[in-house]
Amino acid sequence: MSTDTVIPTSPAENPAGAPTRKVFIKTYGCQMNVYDSARMGDALASEGYVPTEEMGEADLILLNTCHIREKAADKVYSALGRLRDMKKARNAEGQELMIGVAGCVAQAEGEEILRREPSVDVVIGPQTYHRLPDALRRARQGDRVVDTDYAVEDKFEHLPAAGKASIRARGVTAFLTVQEGCDKFCTFCVVPYTRGAEVSRPLRQILDEAARLADSGVREITLLGQNVNAWRAEGPDGRTWGLGDLLYRLAEIPGLARLRYTTSHPRDMDDRLIEAHRDLRALMPYLHLPVQAGSDRILKAMNRRHTAAEYLQLIERIRAAKPDIAMSGDFIVGFPGETDSDFEETLQLVEAVNYAQAYSFKYSTRPGTPGADLPDHVPEEVKVERLERLQSLLLKQQAEFAKSCVGKVVDLLLEKPGRMPGQLIGRSPWLQSVNVDAKTSQIGDIIPVRIIGTGPNSLFAEPTQGLVAV
Ligand code: SAH
Ligand code: SF4
Ligand code: F3S
């Protein structure tokens, strides 16, 4: 889930005649930030910026930041400290280097970033990326700009659509944000404060963007939202559509072979969405459905608004509809007040679900969230110990899941070249990275392969002749 990415966009889209400047975008945090970085890249392309993967040759360095845990925010300030020296050196040579901070730290800290880091020119929140070119123009005139409004206008309406070349440069899989923000207010979480209230993008915008992606060679789309399954919009029939309805519609787009979505909240998994898993071949059998904890007392204190038993019943219903679905989740250990026996209940829940993959974290106090003010914070060494126990159980389940795939014939979407000549790397339906020698196939193809072995982070496969995946 966490990622540190440099987003390439295509120089081909640089408008003729515009002075060429180079932008380096560093992305922290979740997939929504990866998507946003790409859209900021598109907005900057129309201002004459071309992407670079060399920070040293950039005229603009943009950090797209994450505020979810204390360490995530600390990373940003230490990166800014290093950039300060780089900017000084560049300015001493009479060259420009602008520094921008975007994303959730920008939203949460605003002016404070300018105060702490004199080298920062622009601070821009997630709702106002369409105003980035304007903010940079003002900064170039000597202003230090902070724009962290929850803009009234729809940023998606104002951001330029990516051109074909830039979509191709990004590959055969793509993210598409359909929903932003969160109204759930889990007591540990900053997202409702950094991303604002839940907003769904209209159906037409989503269908247009998906069609454009498919038309440019994208084979797999992952729909994104902080609460993606809370997506709601008016359908062409005048009814309110939910994510399930949207998936049925997207599955009709020619060329789009695979659909995924993340991240879901258990409370918003409705019948239609479960039916979509049963009916749609394009909808991949993988579901990231965070539960955070297995104790009802802790779930209540976290304001998750469901019990452990309800979560397990929900998974039963999902598995009844789609027996081979792989489950993924997020966990927090050491939430304030969590006792040994609460933690044991988390382990029991993990045993009961049997996850194919999962993320787990030590609780990190976020000032301003209700969790920060709760009594009985758990000592660090207890958190460390609980995290180790939980992670070893989750890793064991993950390894068992990988092993259970050996011998199976599965469809692989080929995404990129492997390390060896003739080798390609693709994704299984269950999101595993798979290496295969596939000399006659090319990136973007979906081919049946037989899984023949497991590695630490990936699987190995051989092409099958004449066999089809089940
Ligand atoms: N919207 C998603 C998750 C968003 S944040 C959901 O509802 O599940 C991604 C993950 O970060 C969360 O699922 C949670 O496990 C973790 N997380 C969020 N706040 C945290 C905190 N204060 N300390 C530790 N982990 C946290
Ligand atoms: Fe955070 Fe909870 Fe909203 Fe997820 S549902 S983004 S964990 S407040
Ligand atoms: Fe981080 Fe913001 Fe995503 S806090 S996890 S980048 S929504």
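Atoms considered below: every heavy atom in the structure, side chains included; atoms not considered: hydrogens, waters and symmetry mates. Just follow the structure's listing: the first ligand is 1, and inside any ligand the first atom is 1. All values reported here derive from a predicted model rather than from experimental measurement.
Close to ligand 3: R195, with a non-hydrogen atom less than 4.0 angstrom away. In this structure, V191 has no heavy atom closer than 4.0 Å to ligand 1. Residue contacts with ligand 1 leave out M302, since none of its heavy atoms falls under 4.0 Å from the ligand.
Counting non-hydrogen atoms of neighbouring residues, nucleotides and ligands closer than 6.0 angstrom, the CG atom of N457 reaches no more than 12 such neighbours. The number of heavy-atom neighbours closer than 6.0 Å to CD of E96, taken from other residues, nucleotides and ligands shown, is above 12.
Counting only protein atoms, the N, O or S atoms lying less than 2.8 Å from atom 3 (Fe) of ligand 2 are C182 SG, ordered by chain and residue number.
Only the side chain of F361 comes within 4.0 Å of ligand 1, counting heavy atoms alone; its backbone N, CA, C and O stay farther away. Counting heavy atoms closer than 4.0 Å to ligand 1, residue M32 contributes nothing at all.
In this structure, T187 and T369 have side chains that are not in contact, with every pair of non-hydrogen atoms separated by 4.5 Å or more. Looking at W231 and N229, their side chains never come closer than 4.5 Å, going by heavy atoms from C-beta outward.
Each of the atoms 8 (O) of ligand 1 lies under 4.0 Å from some heavy atom of P290. Listed by number with element, the atoms of ligand 1 under 4.0 Å from a non-hydrogen atom of Q292 are 8 (O), 12 (C), 13 (O), 14 (C), 15 (O). Near F188, the atoms of ligand 2 lying under 4.0 angstrom from a non-hydrogen atom of the residue are 7 (S). For ligand 3 and N33, the ligand atoms under 4.0 Å from any heavy atom of the residue are 6 (S). Near R69, meaning under 4.0 Å from any of its heavy atoms, are these atoms of ligand 1: 11 (O), 16 (C), 17 (N), 23 (N), 24 (C), 25 (N), 26 (C). Each of the atoms 1 (N), 2 (C) of ligand 1 lies under 4.0 Å from some heavy atom of Q226. Atoms of ligand 3 lying under 4.0 Å from any heavy atom of Q226, numbered from 1 in the order shown and given with element: 7 (S).
The nearest protein atom to atom 4 (Fe) of ligand 2, hydrogens excluded, is given as R304 NH1, 4.3 Å; this is a heavy-atom distance.
In this comparison of R195, K362, H265, R267, the heavy atom closest to atom 24 (C) of ligand 1 sits on K362.
With sequence neighbours excluded, no residue forms a side-chain hydrogen bond (donor to acceptor under 3.5 Å, both in side chains) with E234. Partners of R239 according to the salt bridge (Lys or Arg N to Asp or Glu O under 4.0 Å) rule, which considers only residues two or more places apart in sequence or in another chain, are D237, D245. In this view, R219 satisfies the side-chain hydrogen bond (donor to acceptor under 3.5 Å, both in side chains) rule with no residue, not counting sequence neighbours.
An N or O contact shorter than 3.5 Å is missing between N227 and ligand 1 by distance. Geometrically, ligand 1 and S364 share a nitrogen or oxygen pair separated by less than 3.5 Å. An N or O contact shorter than 3.5 Å links F188 to ligand 1 by distance.
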As a quick check of understanding, evaluate salt bridge (Lys or Arg N to Asp or Glu O under 4.0 Å) for R115 and E112, giving each step before the final call.
CA-CA 5 Å; R115 206 187 54 73; E112 173 68 9; 2.9 Å; yes
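Using modelled atom types and a 3.5 Å distance limit, the side chains of T128 and D149 yield no donor-acceptor pair. In this model, no donor atom of one side chain and acceptor atom of the other lie less than 3.5 Å apart for D59 and Y49.
With hydrogens and angles disregarded, no donor-acceptor distance shorter than 3.5 Å links the side chain of R389 to the backbone of V384. When atom types are taken as modelled, the side chain of R260 and the backbone of P429 share a donor-acceptor pair closer than 3.5 angstrom.
Among the atoms of C30, an N, O or S atom falls under 2.8 Å of atom 3 (Fe) of ligand 3.
Between H288 and the choices Y355, Y261, Y359, the ring pair (Phe, Tyr, Trp, His ring centres under 6.0 Å) rule is met once, by Y359.
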